[in-house]
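Have a look at the structure below before the remarks.
The structure displayed is predicted, hence computed values, not measured ones.
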Amino acid sequence: MKRHVFTALGAAAALACAAFASGALAQQKQVWKASDVHPLGYPTVEAIERMGKKLEKATNGRISIQMFPSMQLGGEKEMIEQAQVGALQIARISVGAMGPVVDDLNVFNMPFIFRDEGHMRRVIDGPIGRELLERTSNAPPSRLIVLGWMDAGTRNVYSNKPVTKPADLKGMKIRMMGNPLFVETMNAMGGNGVAMGFNELYSALQTGVVDGAENNPPTLLAQNHYQVSKVYSLTGHLIIPEIFVFSKRTWETLPKADQDLVKKYSREAQFEQRKLWDAYVGEAEAKLKAAGIQFVKADKQAFYKATQPVRDKYGSKYAGLIQRIRDTK
């Protein structure tokens, strides 16, 4: 009798241990939420999804990434806020949207700060890029760990009429990202800058709430803005890199081995996204032209001169950093 009781107790204990072990494993499994305003297949989205597959493989499925593309979790402002409280783990954000959070990043938000995209890449890949990533991660207001940089090309004005010189923008309401620097840049260029969330833009263009916007060719295509804006004017006024960030609240719960793994694959994602970006830009421009979008050359020098007051106003406190950017060959 006693032997049967002990056997039953032993079986129960074994089941309890198995259940506990199973529960512990289940607790260890993590599904991180990632978000982007762009659709599936867009270079920034694709790079993070590839990063997720690498993490899943390296951790035997313990860590995976669930992507929420196409503004499913809101615009960039909402994504920043969600990542700060740990409701979202990874977000791809324009430096434009992060400028109000970490002031030093505004140096990249000034008009014509880079000579061209090649110059921008040399800056973010070098010591300046590393310093700004660290500064952003360590800034108390950010509450984010910056994983790396991403490319977002050159921003140009799009509307239903050519914009080749400052006078062409007179009376035009142009949507800008929600950063006073951008609104003032558009005002200096001759238009009326209107701060507006990206998720509101299509309907605003469609209904005439704004007369135009500004962005890169892939965004014009991916967001279907080309359906309501037929002229793409090559003003080249902004070349703004992007960052992808991780929630500091979640980051601080991770063991160092997991943090190191994320850093490793983030670095790879930065350069994978760049390759994807270059190919995507070529495809986007070809598709836009095939859809009847008119690409128009603009007088960049005229816009450069018109925006000098913006660089004077915002650039004084970054004088040393701006000189280092100019000196980057």
Side-chain angles (χ1 to χ4, degrees), residues 75-76 94-97 99-100 106-117 120 152-240 281 284-285 288-289 291-315:
E76 293 190 334
S94 170
V95 167
N106 274 319
V107 73
F108 287 167
N109 292 332
M110 288 189 290
F112 299 101
I113 196 69
F114 298 112
R115 292 186 289 275
D116 51 37
E117 286 180 39
M120 183 273 291
T154 302
R155 297 174 78 98
N156 302 284
V157 172
Y158 53 88
S159 62
N160 280 317
K161 71 168 200 175
V163 173
T164 62
K165 56 190 182 300
D168 294 339
L169 280 165
K170 188 175 181 183
M172 290 181 71
K173 299 187 294 291
I174 306 294
R175 179 267 174 181
M176 304 298 287
M177 282 183 282
N179 184 331
L181 197 159
F182 295 131
V183 174
E184 289 182 41
T185 293
M186 182 47 62
N187 293 346
M189 287 171 67
N192 296 323
V194 177
M196 179 182 288
F198 193 63
N199 44 336
E200 303 167 48
L201 182 51
Y202 184 90
S203 62
L205 287 165
Q206 196 174 35
T207 56
V209 170
V210 293
D211 301 301
E214 47 81 63
N215 219 308
N216 52 56
T219 298
L220 180 62
L221 178 70
Q223 299 297 329
N224 295 320
H225 293 170
Y226 71 95
Q227 295 172 354
V228 284
S229 295
K230 299 297 184 183
V231 184
Y232 192 66
S233 303
L234 302 173
T235 51
H237 52 284
L238 292 169
I239 301 175
I240 308 172
V281 169
E285 288 182 356
L288 288 167
K289 286 173 182 173
I293 300 304
Q294 187 183 353
F295 280 64
V296 177
K297 284 187 178 179
D299 185 350
K300 286 189 184 181
Q301 196 57 36
F303 287 115
Y304 178 85
K305 287 178 183 173
T307 53
Q308 188 59 49
V310 179
R311 286 186 295 280
D312 291 342
K313 176 181 175 179
Y314 286 94

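- Residue Tyr232 comes nearest to Leu220 through the heavy atom pair CD1-CD2, 3.6 Å, listed as atom of the first residue, atom of the second, then distance.
- In terms of heavy-atom proximity, Lys173 sits nearest to Val209 at CE-O, 2.9 Å.
- The distance from atom CZ of Phe114 to atom CD1 of Ile239, rounded to the nearest 0.5 Å, is 7.5 Å.
- Looking only at distances, a side-chain donor or acceptor of Asn156 sits under 3.5 Å from a matching main-chain atom of Gly236.
- Counting only heavy atoms from C-beta outward, the side chains of Ile174 and Asn192 never approach each other to under 4.5 Å.
- Using a 4.5 Å cut-off on side-chain heavy atoms (C-beta onward), Tyr314 and Asn106 make no contact.
- Under the 3.5 Å distance criterion, the side-chain polar atoms of Ser229 are left unmatched by any main-chain donor or acceptor of Tyr226.
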Stepwise side chain to side chain donor-acceptor pair (under 3.5 Å) test for Glu117 and Thr154: CA-CA 7 Å; Glu117 286 180 39; Thr154 302; 2.9 Å; yes
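- In this structure, the side chains of Met177 and Phe198 stay at 4.5 Å or more apart for every pair of heavy atoms.
- Within the 4.5 Å cutoff, the side chain of Phe303 has heavy atoms near those of the Leu169 side chain.
- Tyr202 and Asn224 form no side-chain donor-acceptor contact under 3.5 Å, judged by distance and modelled atom types alone.
- The side-chain heavy atoms of Val194 and Met176, taken from C-beta on, include no pair separated by under 4.5 Å.
- We find the NZ-OG1 distance between Lys313 and Thr307 to be 14.0 Å, quoted to the nearest 0.5 Å.
- Contact of the Met120 side chain with the Phe108 side chain is not registered, since no non-hydrogen atoms from C-beta on lie closer than 4.5 Å.
- Annotation: side chain of Leu201 is in contact with side chain of Val210 (closest heavy-atom distance under 4.5 Å).
- Legend: residues meeting salt bridge (Lys or Arg N to Asp or Glu O under 4.0 Å) with Arg155, ordered by chain and number and at least two apart, are Glu214.
- Taking CD from Glu184 and CG from Asn179, the interatomic distance works out to 9.5 Å, rounded to the nearest 0.5 Å.
- With a 4.5 Å cut-off on side-chain heavy atoms, His225 and Asn215 do not count as touching.
- For Ala195, the side chain to side chain contact (heavy atoms under 4.5 Å, CB included) partners are Val183, not counting sequence neighbours.
- Considering all non-hydrogen atoms of both residues, Glu76 and Ala97 come closest at OE1-CB, 3.4 Å.
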Evaluation steps, side chain to side chain contact (heavy atoms under 4.5 Å, CB included), between Asn109 and Leu238: CA-CA 7 Å; Asn109 292 332; Leu238 292 169; 5.8 Å; no
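- Among all heavy-atom pairs drawn from Ser159 and Val163, the shortest one is OG-CG2, 4.2 Å.
- The two residues Val228 and Leu205 have their closest heavy-atom pair at CG2-CB, 3.7 Å.
- Between the side chain of Thr235 and the backbone N or O of Val157 there is at least one donor-acceptor pair closer than 3.5 Å.
- Asn187 places a side-chain N or O within donor-acceptor distance of the main-chain N or O of Gly193, the cut-off being under 3.5 Å.
- Phe112 and Tyr304 have perpendicular rings, their planes meeting at more than 60° on a 0 to 90° scale where under 30° would count as parallel.
- In terms of the side chain to side chain contact (heavy atoms under 4.5 Å, CB included) criterion, residue partners of Val296 (sequence neighbours excluded) are, by chain and number, Pro162, Thr164, Val231, Ser233, Gln294.
- For the atom pair Arg175 CZ and Tyr158 OH, the distance stands at 7.5 Å (nearest 0.5 Å).
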